[in-house]
Every structure is written in structure tokens, then in C-alpha cells.
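Let me begin by presenting the structure, written as C-alpha cells, before commenting on it.
Start at 1 and go down the list; that is how both ligands and their atoms are numbered.
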Amino acid sequence: MHLDLTQEQAMIQQMARDFAEKEVRPIAQSIDREARFPRETVARMGELGLMGIAVPEGYGGSGSDAVAYTLAVEEIARACASHAVIMSVNNSLYCDPVLAHGTEEQKARFLTPYASGKKIGCFALTEPEAGSDASNQTTLARAEGDGYVLDGRKVFVTNGREASAALVFAQTDRAAGRRGITAFLVEKGTAGFTVVKTEDKLGIRASDTAELLFERCRVPAANRLGAVGQGFKIALATLDGGRIGIAAQALGIATAAYEAAVAYARERKSFGVPIGQHQMVQWMLADMATTIEAARLLTRRAAWRKDSGAPYGAEAAMAKLFAAETAMRVTTDAIQVHGGYGFIKEYQVERHFRDAKITQIYEGTSQIQKLVIARRLLGAVAQVA
Ligand code: CAA
């Protein structure tokens, strides 16, 4: 793995940092308080090429790579975790599978406007009874005429209300179980497709998390992504990439909390000295810095393997597991360093703490990451050596 960034990766990192500091950080507190989706700055992310970083320029993207993508997500998350997940879902969970499995016609319609940020997409896999057990799909796609008729309910869909298209997974052959799942691209406005609810959440409050309903929703066969019965594999392969993005998001949240803790430890005095001079505070800061650095290396490694064409599912799971646990631990300790001030809304560490929690849950819980890692260890030890 190369530890040095290429010129292009460093440029994207700097551009994302500048944008995050100037345009995202100033609104992060208010959009969290108001649970308001930040349409203007999401559009700006599109203009800056952040909505399709690893998508080739010919399809509206920036033509860069997964390492650059993680650098950008981290920078955006350092300012606002909601912006980071909006961007991450569009890049990894929507654009990536359309790029990998779409026909040229599908790419023209369902990729180019999305990778360029003119539209945003979402990924509709989770159902009320299919969370960690994602293959337990009950949404049906019945073949009828020259297309399919979808019936079912999807929950916890990031970008669900704002998205112009959803990548939807449904059973085309119930008897075949997970091998009977097929993927479809469904545009907003299609009859029978409605957004029924937006969730009010603990964290990432400015991102949109919606429930989608499909009732006799007719989708042409031309909107099927990949082969019949390949949907579950497409979903799991997509999540491998998505988990690298969530690792980067967790890393950005942890870094923001750590930086706030260091600044506070320098200025706040107790017992006549800045609290950073007390060893117990120093230990907390040292643990934060060390685990953040380790999470960064795991995330970079998973992204680098993706870019180099090596298997990266277990590495992505390790990165997401460790970065999410680090984000939760670091944000907890950052509040501890701030004492009572950390518990009030005026200081941003309480937002980082609330935002960190979801990184242990979405795109596979920490427990599911361990399952993915263990299966790989037992099945192919050589891959992680
Ligand atoms: N890539 C491609 N194919 C894969 C794969 C991968 N990474 N991992 C497994 N497969 C294949 C297997 O080889 C198997 O193929 P066959 O049918 O030919 O045998 C098939 O997929 C099924 O694999 P498993 O036997 O491993 O499937 P499983 O039912 O035991 O599930 C699981 C495995 C790891 C638990 C999986 O269900 C999982 O990852 N669950 C968590 C789901 C998740 O992350 N959901 C998040 C949704 S998105 C979200 O959070 C909201 C948002 O908008 C941000």
C-alpha cells in the first residue's frame, strides 16, 4: 500500500477541506437542530465533483479513485456527518452499482445526472423484517407483460425523500430465497412509488431517512439492474464499497471531536493549570489520537485494495468496525474532557457524539462486520495475510 497521496488525491482532499470549512461547518449546527436537508450545499458538492468521485468523467463523475473518495468523505464528515452520508450513499450505494452493472442506456439515464450531482440516488434494501438478515426480502417484483410489478415497503433509506431514483431490491422468485432477489432502478414519480415517512433521528439529523412504499408499481424490464436473481450479490458487493465510505465518515466525526477536545484541554483550567496538563486528560487525548490514526490506516488500506483490484470486503468490514467503534469512544471521551460543557448543545461535541452512534449500525452493524470478517478468515486466510 502507498502511504503517500498522489497529487490528485491531495488536491481533492484540500478542495473538500476548504469547502467543508467555508460552506458546511457554518451551517452544521443549525441544520442539525432544524433537521433540515441542506439542498444548497448538496448541490455545491455536485458542482465540486464530490457526488461521483470514482465515476469516470464520461459518466459525469470526477474520474478519481476510492482513496480520494475516503479523503473527501472524512473532510466533509469533520464538518458535518449529515453531508457526509448524503454524499457517501450517492457515491457508493447508488453510483457504484449502476456503474458496475448498468447497460450504456441505464448509465446515460441513471448514472450521469447522479454522478454529476444534478440528481441524487438512494439504496433501498432494508425492510421492517430484513435488517441484518438482509436476504429476508418480502418486497415482490412480479413479471407482467414487458416489465415487473413491485409491491413492498423499504425502511431506513438514506436520501429516500430527496432522491430522484432508488435502487430497489425485490424478490422475483420467492421460492429461490436470496437467489431469487433482483435489483431495479425506480424513478421518483413512477405510479405506485411513494415516500410515506421521514424519520426523526438521534443523529445525522440533516440527512433524510425515509420509508418507501411500492404498491402495484410498474417498472419496465429496461430498469432491471443486472441479471434476474443476482440482486443479493449486487447488494452485498455494493455494501463492501459503502462500508469504506462509512469508515471514512466515522473517522471524520472522531477527528472533529478529538480536535475539539485538544483545543478545550489547552484553554480550560482546573487546579490552576490547563486541564491538558493533567495526566488523566493526556491519556484520553493520546488514546483518541492513536485509535484515529489506526482507523485511518485501515480505511486507507481498504480503499487502496479496492483501487488496485484486490478483494477488499473483509478489509472494508475491519475499517468500518474499527472506525465506528473509535468514533463512539472518541466522541464519548471528548464530552468527558469538556465536562458539563460537553453535555450542552452550545458545544459541538454533543452533536459528534449523537452522529457517531449510527456508524455502528448502518451499512451493517458492528456485529455484522465481525461476522463478515470471521467468515473471510475461516474461508480464505490468505486474503488478509
Ligand atoms: N460480494 C458479492 N457476493 C457476496 C458477498 C460480497 N461481499 N458476500 C457474500 N456473497 C454471496 C455469497 O457467495 C452467496 O452466494 P451464493 O448464493 O451463490 O451461495 C450469497 O452472496 C449470500 O451470501 P451469504 O451466505 O453470506 O448471505 P447471508 O444471508 O448469510 O448474509 C450477511 C450475509 C453478511 C449477514 C449480509 O446479510 C449482510 O451484510 N447483512 C447486513 C446488511 C446491511 O449491511 N444492511 C445495510 C443496508 S443499507 C443502509 O444501511 C441504509 C443506508 O441507506 C445507509
The atoms of ligand 1 lying under 4.0 Å from a heavy atom of Asp240, numbered in the order shown, are 1 (N), 6 (C), 7 (N)

Here the atoms of ligand 1 under 4.0 Å from any heavy atom belonging to Phe156 are 51 (C), 53 (O)

Are any of the N/O atoms on Arg375, whether in the backbone or the side chain, positioned under 3.5 angstrom from an N/O atom of ligand 1? yes

Taking only non-hydrogen atoms of Tyr362 and a 4.0 Å limit, the atoms of ligand 1 in range are 50 (O)

If you scan the protein for heavy atoms around atom 19 (O) of ligand 1, do you find one that is closer than 4.0 Å? yes

Atom 45 (N) of ligand 1: of Thr365, Leu371, Leu239, the nearest heavy atom sits on Leu239

Atoms of ligand 1 under 4.0 Å from any heavy atom of Ala134, numbered from 1 in the order shown, are 37 (O), 42 (C)

Under 4.0 Å from one or more heavy atoms of Gly131, ligand 1 contributes atoms 42 (C)

Under 4.0 Å between heavy atoms, the region of Asp133 that gets near ligand 1 turns out to be neither

In this structure, atom 10 (N) of ligand 1 is nearest to the protein heavy atom Leu236 CD1, 3.7 Å

Note: ligand 1 atoms sitting under 4.0 Å from heavy atoms of Arg179 are 16 (P), 17 (O), 18 (O), 19 (O)

Fill in: Aromatic ring proximity Tyr362/Phe156, centre distance under 6.0 Å
no

the protein heavy atom lying closest to atom 50 (O) of ligand 1 turns out to be Glu363 N, 2.7 Å

Q) Does Arg329 CZ have over 12 foreign heavy atoms under 6.0 Å away? A) no

Before accepting this row, confirm whether a basic side-chain N of the pair Arg354/Glu350 lies closer than 4.0 Å to the acidic partner's carboxylate O.
-> yes

Counting heavy atoms under 4.0 Å, the part of Thr158 that contacts ligand 1 is both

Please indicate, with yes or no, if any protein heavy atom is found under 4.0 Å from atom 47 (C) of ligand 1?
yes

For Ser135, the atoms of ligand 1 under 4.0 Å from one of its heavy atoms are 29 (O)

Open item on the list: Under 4.0 Å from atom 42 (C) of ligand 1, can you find at least one protein heavy atom?
Closed with: yes

| said: Within the 4.5 Å heavy-atom criterion, are Leu371 and Gln367 side-chain neighbours or not? | reply: no

Salt bridge (Lys or Arg N to Asp or Glu O under 4.0 Å) filter on Lys107, not counting sequence neighbours, yields Glu104

Under a side-chain separation threshold of 4.5 Å, the hydrophobic residues clustered together with Met11 are none

*At the 4.0 Å heavy-atom cut-off, does Ser132 count as touching ligand 1?*
yes

Note: Cys122, heavy atoms under 4.0 Å from ligand 1, region reported as neither

Query raised in the report: So, Lys306 and Asp240, do they make that salt bridge, N to O below 4.0 Å?
Result: no

Note: ligand 1 atoms sitting under 4.0 Å from heavy atoms of Val372 are 34 (C)

**Request:** Flag the pair Tyr148 / Phe184 as yes when their ring centroid distance falls below 6.0 Å, and as no otherwise.
**Result:** yes

Logged contact type for Arg243 with ligand 1, heavy-atom cut-off 4.0 Å, is side chain

**OP:** Determine whether the aromatic ring centres of Phe214 and Phe193 lie less than 6.0 Å apart.
**Re:** yes

Check your understanding: Can you check whether Phe110 reaches Glu187 side chain to side chain, under 4.5 Å on heavy atoms?
Key -> yes

Between Asp355 and Ile204 the two heavy atoms that sit nearest each other are OD1-N, 2.7 Å

